[in-house]
Amino acid sequence: MRHFLSILDLKPSEAEQLVYRAKEIKEKRWQGDILKGKVLALIFEKSSTRTRVSFEVGIKHLGGETIFMTPRDCQLGRSEPLKDTARVLSRYVNGLIVRTFEQEKLEVLASYGSIPVINALTDMFHPCQVMSDLLTIFERTPDYSKLKIAWIGDGNNMAHSWINAAIYFPFQLNIACPKGYEPDPEILSGALNMGAKIFCTNDPKEAVEGVDYINTDVWASMGQEQEAEIRQEKFSAFQVNSELLKLAKKDVKIMHCLPAHRGEEITEEVLEGPNSIVWDQAENRLHMQKAILEWVYS
């Protein structure tokens with residue numbers, strides 16, 4: 001039985017193959033029956049548009065059915081121990097796709113349940129998003145070894161999954177975060193020890209110099225709303241705008257996992273401009289989710 005809690009649940013060859021397979025799925029508009037007769041539960045403590053819809057459509061394309069639950073609908077938000085919920089749901093459904101706050105919740109569900117668990121986002125990692133971003137890049141520049149990719153903004157779950165990806169894919173990753181908002185040092189040091197090419201700085205201009213792709217995210221994620229005002233001040237120099245783009249390659253591509261706060265982490269001009277590939281990025285969630293589901297259930 002396979003779980004997908006982070007990119008590191010894959011072997012390096014499997015991570016590479018997932019990108020190839022997702023591209024093939026997209027090109028052929030492939031649908032299958034690997035989930036025929038299976039019901040997967042989507043348990044979302046955090047609201048979602050792209051993640052929920054891409055998974056629900058993807059599961060239907062593979063012949064399966066879904067049940068969607070929020071904390072109001074299940075014991076995830078109540079007093080029952082999570083390990084009990086894991087064991088009970090394992091008797092009813094064939095898999096859990098979970099979007100929650102703590103990575104530890106996924107680990108408990110995987111440990112005590114007897115069905116696959118897929119990480120649809122936690123505060124620590126967002127592996128499905130970054131794998132689909134790698135597909136978006138691969139469609140344009142399939143030789144990762146020649147690429148420089150910049151992450152600008154918060155050292156959050158997206159940054160952590162990009163760090164994990166840099167272990168398996170040979171691109172140069174430049175990370176620029178305000179002081180005090182850097183990625184988890186344990187995750188970063190682990191990646192560096194495994195050979196990832198990662199450069200960290202507190203200067204966004206330094207991070208984007210000569211890069212092929214610039215990636216960013218909201219400054220205050222879900223659950224951090226009370227920090228929004230402070231973060232606006234701390235992150236103001238990290239906006240992805242036309243001035244920052246001038247320091248990158250002329251044909252630099254702009255990525256954002258959405259939803260975007262125009263005028264904050266990215267300007268309207270850049271998000272809607274010719275260098276933006278965010279809509280392809282969003283579409284690719286569907287194709288990569290299908291590839292991940294196929295890997296989990298094959």
Side-chain angles (χ1 to χ4, degrees), residues 6-8 10-27 126-153 155 158-177 183 187-201 203-217 238 240-257 266 270-271 273-285 287-288 291-292:
S6 83
I7 289 173
L8 299 187
L10 302 166
K11 297 175 183 176
S13 60
E14 290 174 329
E16 184 178 15
Q17 183 56 39
L18 266 186
V19 175
Y20 294 145
R21 179 57 178 149
K23 185 172 185 288
E24 182 180 43
I25 287 171
K26 180 178 182 177
E27 289 172 347
H126 198 358
C128 294
Q129 176 69 60
V130 171
M131 287 303 300
S132 68
D133 292 350
L134 288 166
L135 166 62
T136 308
I137 291 171
F138 181 72
E139 290 177 310
R140 291 160 174 81
T141 46
D143 187 353
Y144 292 109
S145 66
K146 297 179 180 179
L147 294 182
K148 291 183 178 180
I149 300 172
W151 175 263
I152 308 297
M158 283 291 294
H160 293 158
S161 285
W162 272 109
I163 290 169
N164 283 349
I167 298 172
Y168 287 170
F169 296 88
F171 54 78
Q172 170 67 44
L173 177 63
N174 295 345
I175 299 175
C177 308
I187 293 173
L188 178 59
S189 63
L192 292 170
N193 290 337
M194 293 178 72
K197 297 182 291 185
I198 304 174
F199 167 68
C200 292
T201 179
D203 183 355
K205 294 180 180 179
E206 192 176 19
V208 303
E209 187 173 349
V211 300
D212 302 277
Y213 293 86
I214 297 176
N215 209 330
T216 191
D217 192 8
F238 290 77
V240 177
N241 52 38
S242 57
E243 290 302 309
L244 196 66
L245 265 60
K246 292 177 182 177
L247 302 174
K249 287 187 177 178
K250 186 176 181 180
D251 60 348
V252 64
K253 299 296 184 288
I254 305 303
M255 305 180 74
H256 193 305
C257 57
I266 191 168
V270 170
L271 187 69
N275 299 75
S276 174
I277 57 173
V278 299
W279 315 118
D280 290 343
Q281 194 182 348
E283 178 192 339
N284 283 341
R285 292 297 303 279
H287 311 302
M288 180 54 72
I292 290 169

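If you're wondering where the values come from, they're calculated on a predicted model, not measured in any experiment.
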*Asks:* Is S132 reaching over with its side chain to a backbone N or O of N284, donor-acceptor style, under 3.5 angstrom?
*Replies:*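 No, S132 side chain to N284 backbone: no donor-acceptor pair under 3.5 Å.
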*Asks:* How many angstroms lie between CD1 in I152 and CG in D203, if you round to the nearest 0.5 Å?
*Replies:*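 Here the rounded value is 9.0 Å.
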*Asks:* Side chains of M158 and C257: closer than 4.5 Å at any heavy-atom pair?
*Replies:*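 Side chain of M158 against side chain of C257, heavy atoms only: contact under 4.5 Å found.
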*Asks:* Atom CG of L244 and atom CZ of F238: how far apart are they, to the nearest 0.5 Å?
*Replies:*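 That separation rounds to 10.0 Å.
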*Asks:* Can you tell me how far CG of L188 sits from CD1 of I163, rounded to the nearest 0.5 angstrom?
*Replies:*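 Here the interatomic distance stands at 5.0 Å.
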*Asks:* How far does CG of L245 sit from NZ of K250, to the nearest 0.5 angstrom?
*Replies:*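 The NZ atom of K250 is 13.0 Å from CG of L245, to the nearest 0.5 Å.
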*Asks:* Listed by chain and number, what are the ring pair (Phe, Tyr, Trp, His ring centres under 6.0 Å) partners of Y20, not counting sequence neighbours?
*Replies:*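 Applying ring pair (Phe, Tyr, Trp, His ring centres under 6.0 Å) to Y20 gives F138.
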*Asks:* Taking atom CG of L10 and atom CD of E16, what is their separation to the nearest 0.5 Å?
*Replies:*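 So the gap between those two atoms works out to 12.0 Å.
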*Asks:* So does P170 get a backbone contact from the side chain of K197, meaning a donor-acceptor N/O pair under 3.5 Å?
*Replies:*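 Yes; judged by distance alone, with no hydrogens or angles, the pair exists.
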*Asks:* Which pairs, with at least one residue in residues 162-171 and sequence neighbours excluded, count as a side-chain hydrogen bond (donor to acceptor under 3.5 Å, both in side chains)?
*Replies:*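 The answer is none; no pair qualifies.
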*Asks:* Within the 4.5 Å heavy-atom criterion, are L134 and F171 side-chain neighbours or not?
*Replies:*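 Yes - at least one pair of side-chain heavy atoms lies under 4.5 Å apart.
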*Asks:* Just by distance, with hydrogens left out, do N174 and K148 show a side-chain donor and acceptor under 3.5 Å apart?
*Replies:*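 No pair is found: no donor N or O on one side chain lies under 3.5 Å from an acceptor on the other.
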*Asks:* Is the shortest side-chain N to carboxylate O distance from K205 to E209 below 4.0 Å?
*Replies:*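 No, K205 and E209 are not salt-bridged.
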*Asks:* Under a 4.5 Å cut-off applied to non-hydrogen side-chain atoms, are I277 and Y213 in contact?
*Replies:*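 Touching, per the 4.5 Å side-chain cut-off.
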*Asks:* For S189, enumerate each residue passing the side chain to side chain donor-acceptor pair (under 3.5 Å) test, keeping only those at least two apart in sequence or located in another chain.
*Replies:*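 Residues passing side chain to side chain donor-acceptor pair (under 3.5 Å) with S189: none at all.
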*Asks:* Report yes if the side chains of Y144 and V19 come closer than 4.5 Å at any heavy-atom pair, otherwise no.
*Replies:*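 With C-beta onward as the side chain, the pair touches.
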*Asks:* Would you say that I254 contacts L271 through its side chain, given a criterion of any heavy-atom pair below 4.5 Å between the two side chains?
*Replies:*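 No. Closest side-chain heavy atoms not under 4.5 Å.
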*Asks:* Donor-acceptor pair, distance only, cut-off 3.5 Å: does the side chain of Q281 make one with the backbone of H256?
*Replies:*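 Yes; judged by distance alone, with no hydrogens or angles, the pair exists.
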*Asks:* Is the closest side-chain heavy-atom distance between T141 and K253 below 4.5 Å?
*Replies:*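 With C-beta onward as the side chain, the pair stays apart.
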*Asks:* For A248, enumerate each residue passing the side-chain contact (heavy atoms from CB on, under 4.5 Å) test, keeping only those at least two apart in sequence or located in another chain.
*Replies:*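 If we apply the side-chain contact (heavy atoms from CB on, under 4.5 Å) test to A248, skipping adjacent residues, the hits are V211, I214, V252.
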*Asks:* Can a salt bridge be assigned to the pair D280 and R140 using a cut-off of 4.0 Å between side-chain N and carboxylate O?
*Replies:*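 So D280 pairs with R140 through a salt bridge.
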*Asks:* Using side-chain contact (heavy atoms from CB on, under 4.5 Å) as the criterion, list what pairs up with A282, not counting sequence neighbours.
*Replies:*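 A282 satisfies side-chain contact (heavy atoms from CB on, under 4.5 Å) with R50, L258 only.
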*Asks:* Going by the rule side-chain contact (heavy atoms from CB on, under 4.5 Å), which residues pair with K11 if we only count those two or more places apart in sequence or in a different chain?
*Replies:*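 Counting only residues at least two positions away or on another chain, K11 forms a side-chain contact (heavy atoms from CB on, under 4.5 Å) with S13, E14.
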